[in-house]
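Structure record follows, encoded as structure tokens.
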Amino acid sequence: MTEPDFFDEGDLVGVLTTQPLDRVLDYKAPEGGCWRGAFVEVPLGPRKVLGVVWGRGKGDYDRSRVRSVIRVLDVAPMREEMRSFLKRAGDYTLTPRPAMLRLATRAPGLGDPPSMQKIYRLGSTEPDRMTDARTRVLEVLRDYGGLAFTLKELAEMAGVSTGVVKGLVKQGAVLEEDRPRDLPFPTLDPDHGGKALADDQAEAAEALRASVRTGTYGTTLLRGVTGSGKTEVYLEAIAECLRQGRQALVLLPEIALTAEFLTRVEARFGAKPAEWHSGVTMTERRRIWKMVGQGGAQMVIGARSALFLPFQNLGLIVVDEEHDTSYKQEDGVLYNARDMAVLRASICGARVVLASATPSLESWTNAEAGKYDKLTLTSRFGESVLPDMKAIDMRGEKLPSDRWISGTLQRAVLERIEKGEQALLFINRRGYAPVTICRACGHQIACDHCDARMVEHRFQKRLVCHQCGESKPMPEVCPNCGAEGRMAPVGPGVERLTEEAEKLFPDARVVTLSSDLFGSARALKAQIEEIAKGGADIIIGTQLVAKGHNFPLLTLVGVIDADLGLQGSDLRAAERTFQLMRQVAGRAGRSERKGLALLQSYQPEHPVIRAILAGDEEGFWRAEAEERRQAGVPPFGRMAGIVLSSPDVQEVFDLGTEMARRSAPLRQIGAQVFGPAPAPIARIRGRHRVRLLVKADKGAPLQAALAKWVGQFKLSNQVRLSVDIDPQSFL
Ligand SMILES: [Zn+2]
Ligand SMILES: [Zn+2]
């Protein structure tokens, strides 16, 4: 029986709500009927909740007691492709439907009637008395030829108080009107400001344009070293998508990058696109959600959750820096935005562009296998070239234990500063020191709630747990042996490195870039602009600096501890180190000046370090792929991580053991279960954590088996179970 598209008043409809229930509930269609996919408000117990008409009602409930849908919301109904996307994404990540629906309705007040706001435009009468302030207001309005502004915008642009504008309203020189708050976004012009492209860019852009014109699904891996002009290339794909009258979505890994990118989009298309991320106000979120659904937003730039916006006609998804680990949601619904972008596009017939200088092994493998198209930008745009890369063998440097900048690196930095250039010292550790130890008894200060050591943040004068955020003042007295004044920092963090650099280079201007040192994205952006203009000689930075920022004067990168990422049992450790080192090194010499990257390492003969230095990317990926193929791990096999947590350590271990024992559904598909074992971080926020790993062959129906397996166990209220398909990290 096919599902009807429209339900008449009184028909039984199944409504999926955002409430954590394990089924779709029956309701009667309201007066006037409703479409399948309609967003509705329904009664649930004493409350009114948001839901979507998912299909025909089951009718397995006493009909006389079935309640009616309260009302249909005034927003575009959910499209069939979106429902299909939510279903398949939920099945893939083993996420219940209501949680998927919550992802798709992350905007407040969807059911509210359109709210109005006051706007101001030029009136026809002259004020009785002119002042400088009044003149400025009228000039702004005349300059913008009939455009209207909010009170705040107008006052700011004219540099006057809001009282001046109000005064002009009384005189009739300025008109005050009401207009709906949720307005369409300005139209983007695909032919506004195209840039001249280098030959290989032009070729790649044409290939992407042609693929967009097909109007069918396909994924392209767009590779190019830092500074090769990937952005200009995929902006041309977006232009073509806009010409086709379809919508484009660009995912960026970090909010801090958005501002710079918005400027480029505005230069290319003559107006700003919609911007969706955690820093956007609730009102703006609602506006974007509605406009995307009505076709009033042609382009969205956003964080991974933008994938769940109700696009009306999505034609292109760009995932920039596709290898970035922040695309994997690590709490709540565990999904990888890159994979979900591909899924969504395949459902709605859109193109995907995965852009990266150092692609993930998954994408590299898919491109090698011909599943993805491959475009590679070889030359760097403009004059710049990739920096030279060299290792500094730390075994020969003989540094005292409280210093980390080797003599070789120090000399290289001095040389650059003397030439008026900039140097970046990179360390991927926030805070002052990763460990605080008592010199009397050897006690290390750990978090009370987590299995983690507290990190000293001298700037904030506190010890901070990087797992749970708990902090406490630095103790005067050892909490273990009571010795006074014997607590000492061990190892370097970005703040301690800054201290060392300030001592070594007393005349240099040293700036620290670490995400926790900035109150807001705006403050960070201002600092970055200041550096780009030459406002610093030495930049001390964490991972934050590895991403996309452009410092034209920067010609030297010193990596303080290139070995840091190589430790640990994570199967992606090598891949991540390779990507991070390549990216950091890519910061040097992005303009005409030739760059140099120096990697301090105690094991310069390590294959990963050697591959980085040789710049032999293909060789690295091939070797890494072969190792994973041998081990049968992703992307050549399938994995799932199961984490059980509870305040009661015995309870989680008992449950873990029980799960390992009763694993018949997994064994039936040939999957293996490893564990239970304490998770690498065995306690977070007072909850003990136990982990099981499931490994299966590539073609095995893993999700179905997992669902069956997990479904056998009844969990107590205090136990939490999370399933992570294709885990990115093993914490
Ligand atoms: Zn002690
Ligand atoms: Zn903690």
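First listed ligand is number 1; within each ligand, the first listed atom is number 1. Numbers for residues simply follow the sequence, beginning at 1.
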Inset, instruction - Would you indicate whether Lys461, at its atom NZ, is surrounded by more than 12 heavy atoms from other residues, nucleotides or ligands within a distance under 6.0 Å? - result: no
Inset, instruction - Can you see which heavy atom on Ser646 is nearest to which on Glu651, and at what distance? - result: OG-OE1, 3.0 Å
Legend entry - Shell of protein N/O/S atoms around the Zn ion (ligand 1), taken as anything under 2.8 Å: Cys438 SG, Cys441 SG, Cys478 SG, Cys481 SG
Legend entry - NZ/NE/NH1/NH2 to OD/OE distance under 4.0 Å, Arg661 and Glu658: yes
Legend entry - N/O donor-acceptor pair under 3.5 Å between Arg691 side chain and Val643 backbone: no
Legend entry - Presence of salt bridge, Asp561 and Arg429, under 4.0 angstrom: no
Inset, instruction - Taking all heavy atoms of Pro676 and all of Gly656, pick out the closest pair and write down the distance. - result: CG-C, 3.6 Å
Legend entry - Heavy-atom pair of closest approach, residues Val300 and Ala306: CG1-CB, 4.4 Å
Inset, instruction - With the Zn ion (ligand 2) as the centre, enumerate protein N/O/S atoms below 2.8 Å in chain and residue order. - result: Cys447 SG, Cys450 SG, Cys465 SG, Cys468 SG
Legend entry - Short N-O contact, Arg683 and Asp448, less than 4.0 angstrom: no
Legend entry - Passing option when Glu456 is tested against Arg453, Gln460, Arg458 for side-chain hydrogen bond (donor to acceptor under 3.5 Å, both in side chains): Arg458
